[in-house]
Protein chains: 2
Amino acid sequence: MKTGDQELVKKINKSIVLQTIQASSPISRAQISKESGLNKATVSGLVSELMEEDFVLEIGTGLSSGGRKPVMLYFNQTAGYAIGIDLGVNYILAVLTDLQGQVVEKIEEPLEETFPGVVLPMLKNIINTLMETQPASSYGVVGIGVGVPGITDNNGSILFAPNLNWEQVNVKQDLEQYFELPVVIENEAKAGAHGENIHGAGRKSSDFVYISLGIGIGTGIIIDDKLYKGARGMSGEMGHISIDANGKKCRCGNKGCWELYSSESTLLEQAAKLPSMEGKELSLNQLIQEAEAGNGEVLSLLSRIGEYVGIGLTNVVNTFNPEQIIIGNRLSKIQRWLENPIHHVLEQRLLPPFYEGLEVSFSQFGIESCALGSAAFSVEAFFSENKVTVT
Amino acid sequence: MKTGDQELVKKINKSIVLQTIQASSPISRAQISKESGLNKATVSGLVSELMEEDFVLEIGTGLSSGGRKPVMLYFNQTAGYAIGIDLGVNYILAVLTDLQGQVVEKIEEPLEETFPGVVLPMLKNIINTLMETQPASSYGVVGIGVGVPGITDNNGSILFAPNLNWEQVNVKQDLEQYFELPVVIENEAKAGAHGENIHGAGRKSSDFVYISLGIGIGTGIIIDDKLYKGARGMSGEMGHISIDANGKKCRCGNKGCWELYSSESTLLEQAAKLPSMEGKELSLNQLIQEAEAGNGEVLSLLSRIGEYVGIGLTNVVNTFNPEQIIIGNRLSKIQRWLENPIHHVLEQRLLPPFYEGLEVSFSQFGIESCALGSAAFSVEAFFSENKVTVT
DNA sequence: AACGTTTGTTTATTTATTAAACATAATAGC
DNA sequence: GCTATTATGTTTAATAAATAAACAAACGTT
């Protein structure tokens, strides 16, 4: 049981000060005091600690508003760095970000084989390369976050990743031993949701659901600006909600799962059957080209997929009553063709009070949300160890 | 922005002390100190405040374990009372509970008409009767909680209650003016979920979903021991998750909603079509009698309903990965016949890690969860005003 | 140059927790 | 029955953090 003491008070207030600086930098001590409600003296004390820790810098003076000039404070976002990885089914996307989540370096490599024995050494290589490119800083790389396309438990093990054909692989332990840095493993959709919440389209919302439309469908649930993980860390498998109780069998055991009707796999499968696609390459990019060229068959296929996305989203909204839905991952590339059918279905199927307050957005950074979210996990773990909490 | 100060620390610790007393009464000051990690002196101080406020009583001494005898402390659960209402579709169930949630008085009346003009005066009457029966106490009735079968917003308005045929009725304002007491209005399933979390089958779980199987299906989502309300207070309409995307239309606008396959209405509707039920009364109790008498048609109907409950629960579990599912409201009466088909479907359709950690329970107090949960809302509101928080 | 204003620091006060000392009251061993 | 030991609960002094108030510094205005 966590009791209350002065240390807790200080941690809360120090976090408030740092967050205020992050949000409104450059900002003076006086203004922090006004915005936060903390006493000027308190702010001064906490700021000087933050400066000793190199998280905050004084840079020059601001404009006077009829009195002494304020000393402006900045969040020192390059006091350290984090590495975020999106371990995709057929690619690895790795980023080096600063403490604010700004991408400093980026590596993307295709993944030909998915055996752990191939992937893990490759992963270590990529991380090593990023480590070497990091600029000099007080804290260096503070942690590594990895988003994976599968079900993870709370210990950083990948229990089941059907698309990689992995079972029971403990990536966390492996990487932590090798790099001697804290490692966070999280499901790809959960990491993406977090990325959007911290840096992306979900910054303004505190309750939203991120839908990762990729090879399969995953969801990340943000409640009160926190990721909801579920009892054993496996929440959000809404791709396996049955939208046709007696539909075709899914490999998860259920029947008529949502992702059988509106994922990238399904899209490509169904495209293969179109006469107009005969002999052509079957890829998302090819389909986009066809759609742009006005291929009617492809257009109506995309529209049908969009409708099924909408049907699944109806379920999401009735469940969570979120302020916002954010659609990310590969199929966010075909936003143009999905948007209308989605809205049409939602308007038709939702009760007005559910539809009215709802915003449906697409990811701002397309495929990068996952890597950015993973890096953000590491940054937060680092700060919370340092007796500060940062959103 | 809520900053940290000593008041916050005290509130946290005072809550810990009170909660410890509630959970383990009778208990000594020394033992509270050991269990909570708070210093003996701190505990002594906080206890004496709680005694001044009449929330805690000293009652005699306990057994010595080789030293001075401990003074035993009790939570004074009759320092005040709360009223909890379950406004059902065809009944009103009202309880007067003490601060611990013990039912002191109970009134149940059938509801023949559902016009607000009829229901509200009746409600006031019932509440008045309960008020008169309350024993003498320090704080008297501290609040009124009402669970309603419909969608509420965060202001205590009932936006939409199809089964009562209500729209935009502000019960909270009405009752608060009349009784001059704080009133909490909440959806029936959310109140039920909270009731189970505080007093019932969900006491040990911090993440579970309560399924209210009544005329329709509602759900209450408990995350981290807190009710999840959604952006506008309308979360948990999982009865309107489509389990057959192209199924028959529901009045909510969606198609193939779960509650069209496994609610009490559906059960009765389908029972009406059974040859063996011709000329018999169509009610849940009658069906229970038939089942007990071994009516094969009814038994297979119940089994089919159970399977569809299971199909919906699969969706719930894939979404939330809860530790527990609690089934409550009217259909919890037919637990005997639902249990097997539900488990069968879950085992078949869920991935093993989802099924393994999962407990499926039925409500301990059947229909009373909602009224108890509503009363509990009021008790908590009262305590949080008194600078103490109680779960 | 005098005045008022804003910024940031210093000082004294307040409040809550805690460790340590203490008083109290019981059991256990001899 | 006496003493040693042990557990309970209170008192006292120390500590830590926030805050109000006073103050010093720096600036613009008149």
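As the structure is a computational prediction, the values presented were derived from the model and not from experiment. In the text below, chain A, chain B and the rest are named by the order of the sequence lines, each starting its count at 1.
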Asks: For DNA chain D, which nucleotides open and close the run of contacts to chain A, 5' to 3', at under 4.0 angstrom from a non-hydrogen atom?
Replies: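 Endpoints of the contacted stretch of DNA chain D: D/dA16 to D/dG28.
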
Asks: Tell me, which of residues 38-46 of chain B have any heavy atom that sits under 4.0 Å from an atom in DNA chain C?
Replies: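 The stretch gives B/Leu38, B/Asn39, B/Ala41, B/Thr42 as the residues lying under 4.0 Å from the strand, ordered by number.
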
Asks: Going by atom type alone, with no hydrogens or angles, which donor-acceptor pairs under 3.5 Å involve a side-chain atom of residues 73-80 of chain B and a protein atom two or more places apart or on another chain?
Replies:
from: B/Asn76; atom 1: OD1; to: B/Thr78; atom 2: OG1; distance (Å): 3.4
from: B/Asn76; atom 1: ND2; to: B/Asp54; atom 2: O; distance (Å): 2.9
from: B/Gln77; atom 1: NE2; to: B/Asp98; atom 2: OD2; distance (Å): 2.6

Asks: Reading DNA chain D from 5' onward, which residue's closest nucleotide shows up sooner: B/Asp5 or B/Gln31?
Replies: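 By nearest-heavy-atom nucleotide position, the 5'-most residue is B/Gln31.
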
Asks: Quick one: does B/Ser15's side chain have a donor or acceptor within less than 3.5 Å of a partner on B/Lys11's backbone?
Replies: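 Yes: the side chain of B/Ser15 pairs with the backbone of B/Lys11.
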
Asks: Check whether any side-chain N or O of A/Asp153 sits under 3.5 Å from a backbone N or O of A/Asn155 as a donor-acceptor pair, and report yes or no.
Replies: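 Side chain of A/Asp153 to backbone of A/Asn155: a pair is present.
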
Asks: To the nearest Å, how far apart are B/Ile16 CD1 and C/dA16 C1'?
Replies: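 In whole Å, C/dA16 C1' lies 14 Å from B/Ile16 CD1.
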
Asks: Please check if the side chain of B/Gln324 supplies one atom and the backbone of B/Ala201 the other of a donor-acceptor pair under 3.5 Å.
Replies: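 Yes: the side chain of B/Gln324 pairs with the backbone of B/Ala201.
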
Asks: B/Ile32 CD1 to C/dT17 P: how many Å, rounded?
Replies: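 Distance check: B/Ile32 CD1 to C/dT17 P gives 14 Å.
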
Asks: Hey, is the main chain of B/Gly357 close enough, under 3.5 Å, to the side chain of B/Glu323 for a donor-acceptor pair?
Replies: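 Not at all, since once roles are kept as given, no pair shorter than 3.5 Å links the two residues.
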
Asks: In residues 63-70 of chain B, which ones come under 4.0 Å of DNA chain C, going by heavy atoms?
Replies: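 The stretch gives B/Ser64, B/Gly66, B/Gly67, B/Arg68, B/Lys69 as the residues lying under 4.0 Å from the strand, ordered by number.
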
Asks: Would you say the side-chain atoms of A/Thr61 pair up with the backbone N or O of A/Pro70, donor to acceptor, closer than 3.5 Å?
Replies: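 No, the answer is negative, given that no donor and acceptor are paired below the 3.5 Å cut-off.
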
Asks: It should be established whether A/Arg29 places a side-chain nitrogen or oxygen under 4.0 Å from OP1 or OP2 of nucleotide C/dT6.
Replies: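 Indeed not, no polar side-chain atom of A/Arg29 lies that close.
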
Asks: Got a donor-acceptor contact below 3.5 angstrom from the B/Ser137 side chain to the B/Gly140 backbone?
Replies: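 Side chain of B/Ser137 to backbone of B/Gly140: a pair is present.
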
Asks: Determine: side-chain N/O of B/Lys11 to OP1/OP2 of C/dA16, distance under 4.0 Å, yes or no.
Replies: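 No, because none of the side-chain N or O atoms of B/Lys11 sits under 4.0 Å from OP1 or OP2 of C/dA16.
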
Asks: Please, which pairs that meet salt bridge (charged side-chain N to carboxylate O under 4.0 Å, His left out) have at least one residue in residues 27-41 of chain B, sequence neighbours excluded?
Replies: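 Sorted result for residues 27-41 of chain B: B/Arg29-B/Glu58.
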
Asks: Taking only residues two or more places apart in sequence, or in another chain, which ones meet B/Phe377 in a ring pair (Phe, Tyr, Trp, His ring centres under 6.0 Å)?
Replies: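 Applying ring pair (Phe, Tyr, Trp, His ring centres under 6.0 Å) to B/Phe377 gives B/His194.
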
Asks: Assign A/Ser28 to base, sugar-phosphate, or nothing according to its heavy-atom contacts below 4.0 angstrom with the strands shown.
Replies: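 Sugar-phosphate: the residue A/Ser28, judged by heavy atoms under 4.0 Å, touches backbone atoms but no base.
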
Asks: Keeping the roles fixed (side chain from A/Asn197, backbone from A/Gly200), state whether a donor-acceptor pair exists under 3.5 Å.
Replies: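 Looks like no, no N/O pair under 3.5 Å.
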
Asks: Can you tell me how far C1' of C/dA16 sits from CG of B/Leu8, to the nearest Å?
Replies: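 Taking atom C1' of C/dA16 as the reference, CG of B/Leu8 is at 12 Å.
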
Asks: For C/dT17, does either OP1 or OP2 sit under 4.0 Å from a side-chain N or O belonging to B/Asn13?
Replies: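 Checking B/Asn13 against C/dT17: at least one side-chain N or O falls below 4.0 Å of OP1 or OP2.
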
Asks: Could you tell me whether the side chain of A/Glu186 reaches within less than 4.5 Å of the side chain of A/Thr152, counting heavy atoms only?
Replies: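 Side chain of A/Thr152 against side chain of A/Glu186, heavy atoms only: contact under 4.5 Å found.
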
